[in-house]
Protein chains: 2
Amino acid sequence: MQAAPHPSPLPLGFADGVFPAGCPSRTVLDHITSKWGVLVLVALSEGEQRWSDLRRRAEGISEKMLAQTLKTLERDGLVRRTAQPVIPPRVDYSLTERGYALSALLVPLVAWAFDNAEEILGGQGSTPAK
Amino acid sequence: MQAAPHPSPLPLGFADGVFPAGCPSRTVLDHITSKWGVLVLVALSEGEQRWSDLRRRAEGISEKMLAQTLKTLERDGLVRRTAQPVIPPRVDYSLTERGYALSALLVPLVAWAFDNAEEILGGQGSTPAK
DNA sequence: GATCCAGCTTACCTTTTGGTCAGTACCTTA
DNA sequence: TAAGGTACTGACCAAAAGGTAAGCTGGATC
C-alpha cells in the first residue's frame, strides 16, 4: 500500500531533488500559486474579461488585491491588458499564450480542490481545523 | 491572436464562473498552493522521506514551517507520517493515495515554473520587479 | 450643479505569515 | 562527563500580506 519508490516523473533541472532557495522558479511559483493569482488566471481561462467581471468572479477580492494581482501577472507576461480610451473607461483582460499554457495546468488543480474539498475537510471536527 | 472565447474546459461546479468566497475549495487550495506546501508535496512525489531530507530539499524552510506544513498536509489526508519508536527517533513521510493524485497535478506546475522562470523574470529590469 | 460610472491609486491599519532561538527526550559515541 | 544526533515544540518578534475607505478622472445623466 506504499507508494512506489519513484512513481512520479520529475523531469526537471532539480538535479538532486533539491529546490534551491534562490531559484527564480520560486518567485514565479509564488506569483502563480498566490491566493488570488490562481483564481484570476482560472477565471480568465474562460475568455477575456473586464475588471468588474473579475471582481465578481473572484468573490471576496478587494480592489487593491485585484489591481496588485493583475499587475504582477501582466508583468510576468501571463495576462494582457487592453484599455480603450473611452469614457467611462473600458479595460479588458485576457490571457497571453503563456498564460494560457499555464491555465491548462491550473484548471485541473482547482477542479481537483473543488472535487475533494468536502472529503478533505469533512472529518476535521476535533481540532478547529483552520 | 486573441485566445478563443471558451478554449478551456472548466468542468466544475462553479456554475456561473463565480468562485464563491466561502467555498471549502478555497481552504484546500490555500493549503496545497502554499509556498512550502507545494515544495513538500512535490518532494514527496519522489518517494518516502525523512524530516531531515525534506529540510534539505525544500531549501530555506525553517523547522517551524516544515512542522506546520506537514501537520496541515497530514490533517488533509495528503501526507502519511510513520514514526518508529527508536532512538534517535526516525520518522518517515510519504504521500497517501490522495496526495499522490494531487502531486500528479503539482509536478507539471513546478516543472512549468522552472522552465519558464528565466524568460518570465528576464526582462523586468525597469520596474524593480519584486 | 450634483451624481454616477468604470477603473483604478493611495494611506492607514490589522491580520497572517514566518523567522530565530531556546529547549526537550533519550541513547550513543568520544 | 560532555557533546551529538533526530525530530520536534513553544515563546517572541519582524515582515509581509491583505482589508477598508477615501479620492480621482471626465463625460453623461438628472
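Protein chains get the first letters and strands the later ones, always in sequence-line order, with residue 1 at the start of each. When reading the values below, keep in mind they use all heavy atoms of this one structure, side chains included, and skip hydrogens, waters and symmetry mates.
The shortest non-hydrogen separation linking B:G77 to B:T96 is O-OG1, 2.6 Å. What you find for A:V107 and A:S45 is that their closest heavy atoms are CG2-OG, 3.7 Å.
For the pair A:L66 CG and C:dG7 P, the interatomic distance rounds to 10 Å; values are reported in whole Å. The CZ atom of A:R90 sits 12 Å away from the P atom of C:dC8 (whole-angstrom rounding). The interatomic distance linking A:R55 (CZ) with D:dG18 (C1') rounds to 13 Å, in whole Å. Per the geometry, CH2 belonging to B:W36 stands 10 Å off C1' belonging to C:dG18, to the nearest Å. Rounded to whole Å, atom P of C:dA6 lies 14 Å from atom CG of A:L54. In this structure, A:H31 places its NE2 atom 13 Å from C1' of D:dA16, rounding to the nearest Å. Taking atom CE of A:M65 as the reference point, atom P of C:dT16 lies 15 Å away to the nearest angstrom. Taking atom CD of residue A:Q68 and atom P of nucleotide C:dA11, one finds them 14 Å apart after rounding to whole Å.
Salt-bridge check for A:E46 with A:R57: passed, with a basic side-chain N closer than 4.0 Å to an acidic carboxylate O. A salt bridge does not link B:R80 to B:E74: none of the charged side-chain nitrogens sits closer than 4.0 Å to a carboxylate oxygen. A salt bridge is absent between B:D53 and B:R50: the closest approach of a Lys/Arg side-chain nitrogen to an acidic carboxylate oxygen does not fall below 4.0 angstrom.
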Might you list the N or O atoms of the protein lying below 3.5 Å from N or O atoms in nucleotides 25-30 of chain C, with each pair's distance?
none

Close N/O contacts between protein and nucleotides 9-14 of chain D (under 3.5 Å):
{"from": "D:dT9", "atom 1": "OP1", "to": "B:K71", "atom 2": "NZ", "distance (Å)": "3.2"}
{"from": "D:dT9", "atom 1": "OP2", "to": "B:K71", "atom 2": "NZ", "distance (Å)": "3.4"}

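Side-chain contact between B:F19 and B:R26: present, with at least one pair of heavy atoms (C-beta onward) separated by less than 4.5 Å. Counting heavy atoms from C-beta outward, A:L95 and A:S103 have side chains that approach closer than 4.5 Å. Side-chain atoms of A:L41 and A:V79, non-hydrogen and from C-beta on, do get closer than 4.5 Å to each other. Between B:L44 and B:Y100 the shortest side-chain heavy-atom distance does not fall below 4.5 Å. In this structure, A:V28 and B:F114 have side chains that are not in contact, with every pair of non-hydrogen atoms separated by 4.5 Å or more. Annotation: side chain of B:F14 is in contact with side chain of A:V110 (closest heavy-atom distance under 4.5 Å). Looking at A:W36 and A:L66, their side chains never come closer than 4.5 Å, going by heavy atoms from C-beta outward.
When distances are taken from the side chain of A:R50 to each of D:dA7, D:dG19, C:dA6, the shortest belongs to C:dA6.
Between D:dA7 and B:S52, a contact under 4.0 Å exists linking OP1 or OP2 to a side-chain N or O. Dashed line: the shortest gap from a side-chain N or O of A:S34 to OP1 or OP2 of D:dA17 is not under 4.0 Å. Checking the phosphate oxygens (OP1, OP2) of C:dG7, no side-chain nitrogen or oxygen of A:R81 falls inside 4.0 Å. At C:dA6, none of the side-chain N or O atoms of A:Y93 fall inside 4.0 Å of OP1 or OP2 (strictly under the cut-off).
Between the two ends of the helix from C:dG1-D:dC30 to C:dA30-D:dT1, each summarised by a five-pair axis, the helix axis turns through 30° (rounded to 10 degrees).
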